[in-house]
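Every heavy atom of this structure was used, including side-chain atoms; hydrogens, water molecules and symmetry mates were not. Numbers restart at 1 for each chain; the letters A, B, ... are given by sequence-line order, proteins then strands.
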Amino acid sequence: MAKYWLMKSEPSVFSIDDLARDEKTHWDGVRNYQARNFMQSMKLKDKVLFYHSNADETGVAGIAEVCREAYPDFSAWDPNDSHFDPKTKKDAPTWMMVDIAFVEKFPRIVTLHEMKDAPQLEGMTVIQKGSRLSVQSVSEEHFKAVVKMAKG
DNA sequence: GCCAACGTTGGC
DNA sequence: GCCAACGTTGGC
């Protein structure tokens, strides 16, 4: 049974349009244990709400799916990478990533504001105050409700 | 640009 | 193990 997730990206860095162009990407650079743990429990074909943060319109921009399960995030070993972690060793990787593939771009952004106003999304992590986690788990009900909001 | 939230670090 | 200082995230 597929599970559902939400992953945040700043569209000025990597947007849903970038994912559509590239078709898939590796989700490197996550340096938070809780977010990493969520990625480690992702399975092939799990669905992901692609969320735009720090944008003109913050909110869910489309859907992606997991196309490769967790494996070591090699950017942690690259001194030239902005997410370099000098403490992690190659024989004991601390940080993991998954690959995700483009599924669809919503006809419109489902904004954070309207998600906060939607009673059917009550309890969803992303609408909690101070929710900074970049990878979150989403219930099937909430996932379907967001898709319905996007398509009307 | 401001600032609240919150994770991490390091002194003790 | 506590907690203050610090850095980052991300909404506004």
> Sorted by first residue and then second, give each salt bridge (charged side-chain N to carboxylate O under 4.0 Å, His left out) pair with at least one member in residues 66-81 of chain A; sequence neighbours left out.
A/Arg31-A/Asp73
> Please identify each residue that fulfils ring pair (Phe, Tyr, Trp, His ring centres under 6.0 Å) with A/Phe50, with sequence neighbours left out.
A/Trp27, A/His52
> Going 5' to 3' along DNA chain B, which are the first and last nucleotides with any atom under 4.0 Å from a heavy atom of chain A?
B/dA5 to B/dT9
> For A/Phe38, check ring pair (Phe, Tyr, Trp, His ring centres under 6.0 Å) against everything at least two apart and list the hits.
A/Trp5
> Apply salt bridge (Lys or Arg N to Asp or Glu O under 4.0 Å) to residues A/Arg21 and A/Asp18 and explain how you reach the verdict.
CA-CA 5 Å; A/Arg21 180 199 62 212; A/Asp18 294 325; 3.2 Å; yes
> So which of residues 52-60 of chain A are in contact with DNA chain C, with a heavy-atom cut-off of under 4.0 Å?
A/Ser53, A/Asn54, A/Thr58
> According to salt bridge (charged side-chain N to carboxylate O under 4.0 Å, His left out), does anything in residues 128-143 of chain A pair up with another residue at least two apart or in another chain? List the pairs.
A/Glu140-A/Lys144
> Only counting residues at least two apart or in another chain, list the ones meeting salt bridge (charged side-chain N to carboxylate O under 4.0 Å, His left out) with A/Lys87.
A/Asp85
> Who pairs with A/Lys8 by salt bridge (charged side-chain N to carboxylate O under 4.0 Å, His left out), at least two apart in sequence or on another chain?
none
> Specify the residues of residues 122-136 of chain A, ordered by number, for which at least one heavy atom lies under 4.0 angstrom from an atom of DNA chain B.
A/Lys129, A/Gly130, A/Arg132
> With sequence neighbours left out, what residues match A/Phe74 under ring pair (Phe, Tyr, Trp, His ring centres under 6.0 Å)?
A/His26
> Sorted by first residue and then second, give each salt bridge (charged side-chain N to carboxylate O under 4.0 Å, His left out) pair with at least one member in residues 108-117 of chain A; sequence neighbours left out.
A/Arg108-A/Glu114
> Is there a side-chain contact between A/Val66 and A/Met39, using heavy atoms and a 4.5 Å cut-off?
no
> In residues 6-18 of chain A, what residues come within less than 4.0 Å of DNA chain B, judged by heavy atoms?
none
> Can you confirm whether A/Tyr4 sits close enough to A/Asp46 that some side-chain heavy atom of one is under 4.5 Å from a side-chain heavy atom of the other?
no
> Just by distance, with hydrogens left out, do A/Gln136 and A/Ser131 show a side-chain donor and acceptor under 3.5 Å apart?
yes
